[in-house]
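See below for the structure under consideration.
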Amino acid sequence: MCGILAVMGCVDNSQTKRSRIIELSGRLKHRGPDWSGLHCHGDCYLAHQRLAIVDSTSGDQPLYNEDKTVIVTESNGQQQTFKWNSNPQWISPWLAGMKSMEKNSLICWMGCSPLSFLTRDKSFIAARDAIGITPLYLGWALDGSTWFASEMKALSDDCERFISFPPGHIYSRFLANRSKFYQHPIYDPMVLRQAFEKTVLKRLMTDVPFGVLLSGGLDSSLVAAVTNRYVSQSAAAQQWGSQLHSFCIGLKGSPDLKAAKEVADYLGTRHYELYFTVQEGIDALEEVIYHMETYDVTTMRASTPMFLMSRKIKAMGVKMVLSGEGSDEIFGGYLYFHKAPNKEEFHEETCRKIKALHLYDCLRANKSTSAWGIEARVPFLDKEFINTAMSFILLIIVYHHHNSSVASTPYLLFKIRPDLGRIEKWVLRNAFDVNKSIFTKAHFVQAEGTVQ
């Protein structure tokens, strides 16, 4: 992911202030080591640190519309939909939707990354993706200016107060505050497998070498399997080859390494087993805290190996990876979900976990990889896929209320029932026929062929 720093309402537009903005933006250079840009207009600054994933030789930011009356910076999410520099016509209609708070326009154009807009009439807009996949922080300085940045370290010295910008919100001078543009909706059921394959395929747009993070568990294995199926159709395959690269890290002898190799051998990926020692983890701890910007124990425990792995992956020339974050929150994959007293509380807890992702797993996945100039893409957290998956849970709840004679049956789709061969995330396993073992070839098979 790239890094952005934006300042609105700054009373000082001197060369000294410009140099200060460049210095602060430089603190985000690990997120975007390929290029940097700065635009200043009136009392506003837009700074950008670019990680070139698409249009590597062009597409530098800030971006401009046709007549250069609108300036944009974003943090590398829209590249999954189209190439920035080849289609500047989208900027003006999108801005019109932002001004009018037209929710369909906002959701349609909002990718998985924060955006900031500046127009010549000093209209300023900032927005964060619906889930909080990519970090964004909002700060206030003593001179009354408002600041936005991808990481806290760009705000900590010049802002007297700053907060995490809430996911699914937009900040605008038109609104004079933050406003929510995305509500996690629940729609009618769709085919879960097709929805997941679509979201993975959408994230294969890249012009640089990429791979998948593979732990050997259900979530990362499904990401790897679907990616492996479509990788030969991607533009990157023509330049970098069609064999998928997969990566796993652990202490020597760890079960993740064994499970990941089993999946990689079946899929035929070019697999890399990476190792670290406990002492190496301890030695890296201070640097990991600096990049994570949190002392949360669980986050730090999971971030340390991911941080070390990202460094080794970057040394191989890989700049983008797909990862399996979000599945446990959507489908109730954590152990304590086994004790959900009823379907309503199961659903409420999944909603709570999804809304908190930006504080924990999304933060870890993004900052661990961005520390080394790698972009992590998370297919499970695609908005359309979340809508599809969550609709299954709602359908079960509604079905229960309106069919009392079979009230206990629908909940079995989510309730853990070893006697029926149903373990956690059974709905997802069933969609890919991997309810028994994700390593057995037969369980990758569906009527239309294999996931591979």
I'd like to check [X] versus [Y] (side-chain heavy atoms, cut-off strictly below 4.5 Å). Are they in contact?
{"X": "C248", "Y": "Y272", "answer": "no"}
{"X": "C362", "Y": "K367", "answer": "no"}
{"X": "I313", "Y": "M309", "answer": "yes"}
{"X": "S323", "Y": "V212", "answer": "no"}
{"X": "T369", "Y": "R311", "answer": "no"}
{"X": "M390", "Y": "T350", "answer": "yes"}
{"X": "E329", "Y": "Y334", "answer": "yes"}
{"X": "P135", "Y": "H358", "answer": "no"}

About how many Å separate [atom2] of [Y] and [atom1] of [X], when rounded to the nearest 0.5 Å?
{"X": "D283", "Y": "T304", "atom1": "CG", "atom2": "OG1", "answer": "11.0 Å"}
{"X": "I133", "Y": "R377", "atom1": "CD1", "atom2": "CZ", "answer": "11.5 Å"}
{"X": "K312", "Y": "M316", "atom1": "NZ", "atom2": "CE", "answer": "8.0 Å"}
{"X": "R301", "Y": "D296", "atom1": "CZ", "atom2": "CG", "answer": "9.0 Å"}
{"X": "C159", "Y": "W140", "atom1": "SG", "atom2": "CH2", "answer": "9.0 Å"}
{"X": "I374", "Y": "N366", "atom1": "CD1", "atom2": "CG", "answer": "12.0 Å"}

Exercise for the section: Look at the aromatic rings of H169 and F165 and report parallel, tilted or perpendicular, splitting at 30° and 60°. Expected result: perpendicular

query: Mind checking whether F148 and Y171 have parallel, tilted or perpendicular rings, split at 30° and 60°?
result: perpendicular

Can [X] and [Y] be counted as an ion pair, charged N to O under 4.0 angstrom?
{"X": "D382", "Y": "R203", "answer": "yes"}
{"X": "R229", "Y": "E197", "answer": "yes"}
{"X": "D328", "Y": "K425", "answer": "yes"}

Residues forming a side-chain contact (heavy atoms from CB on, under 4.5 Å) with [X], sequence neighbours excluded:
{"X": "A237", "answer": "S234, S242"}
{"X": "S303", "answer": "V288, M292, T299, R364, S368"}
{"X": "Y295", "answer": "I289"}

- Query: Does the side-chain contact (heavy atoms from CB on, under 4.5 Å) test come out yes or no for K319 and E375, once each step is laid out?
  - Reply: CA-CA 6 Å; K319 295 180 69 175; E375 178 180 328; over 6 Å; no

How far apart are the closest heavy atoms of [X] and [Y], and which atoms are they?
{"X": "A371", "Y": "H30", "value": "O-CB, 3.3 Å"}
{"X": "N342", "Y": "E345", "value": "OD1-N, 2.8 Å"}
{"X": "F380", "Y": "E325", "value": "CB-O, 3.4 Å"}
{"X": "G139", "Y": "L155", "value": "N-CD1, 4.2 Å"}
{"X": "L214", "Y": "A260", "value": "O-CB, 3.3 Å"}
{"X": "R128", "Y": "P166", "value": "CB-O, 4.0 Å"}

side-chain hydrogen bond (donor to acceptor under 3.5 Å, both in side chains) filter on H291, not counting sequence neighbours, yields none

Item to check | Heavy atoms from other residues, nucleotides or ligands near CD of E286 exceed 12 (cutoff 6.0 Å) | outcome: no

Exercise. Run the salt bridge (charged side-chain N to carboxylate O under 4.0 Å, His left out) check on D361 and K353 step by step: do they pass?
Worked result: CA-CA 10 Å; D361 285 35; K353 295 290 287 185; over 6 Å; no

Quick check: does any side chain N or O of [X] sit under 3.5 Å from a backbone N or O of [Y], one acting as donor and the other as acceptor?
{"X": "K355", "Y": "I131", "answer": "no"}
{"X": "D219", "Y": "S327", "answer": "no"}
{"X": "T199", "Y": "P379", "answer": "yes"}
{"X": "S150", "Y": "I4", "answer": "yes"}
{"X": "S221", "Y": "G217", "answer": "yes"}

Worksheet entry | Check: F307 ring centre within less than 6.0 Å of W372 ring centre | yes

field: Check: F385 ring centre within less than 6.0 Å of F196 ring centre
entry: yes

Test side-chain contact (heavy atoms from CB on, under 4.5 Å) on V200 and Y230; report intermediate values, then the result.
CA-CA 9 Å; V200 172; Y230 291 108; 5.5 Å; no

ask   = Between T134 and R31, does a side-chain contact (heavy atoms from CB on, under 4.5 Å) hold up when you go through it step by step?
value = CA-CA 11 Å; T134 307; R31 300 183 64 87; 3.8 Å; yes

Which of V223, V378, L213 passes side-chain contact (heavy atoms from CB on, under 4.5 Å) with V321? It is L213

Across all chains, not counting sequence neighbours, the salt bridge (charged side-chain N to carboxylate O under 4.0 Å, His left out) partners of K153 are E151, E293

Residue pairs meeting salt bridge (charged side-chain N to carboxylate O under 4.0 Å, His left out), one or both in residues 263-279, sequence neighbours left out, come to K261-D265

Side chains of [X] and [Y]: do they bring a donor and an acceptor to under 3.5 Å?
{"X": "T277", "Y": "Q279", "answer": "no"}
{"X": "W147", "Y": "S145", "answer": "yes"}
{"X": "S25", "Y": "Q49", "answer": "yes"}
{"X": "S215", "Y": "S220", "answer": "yes"}
{"X": "Y336", "Y": "E349", "answer": "yes"}

L218 vs F331, test: side-chain contact (heavy atoms from CB on, under 4.5 Å). Steps then yes/no. CA-CA 12 Å; L218 174 66; F331 296 101; over 6 Å; no

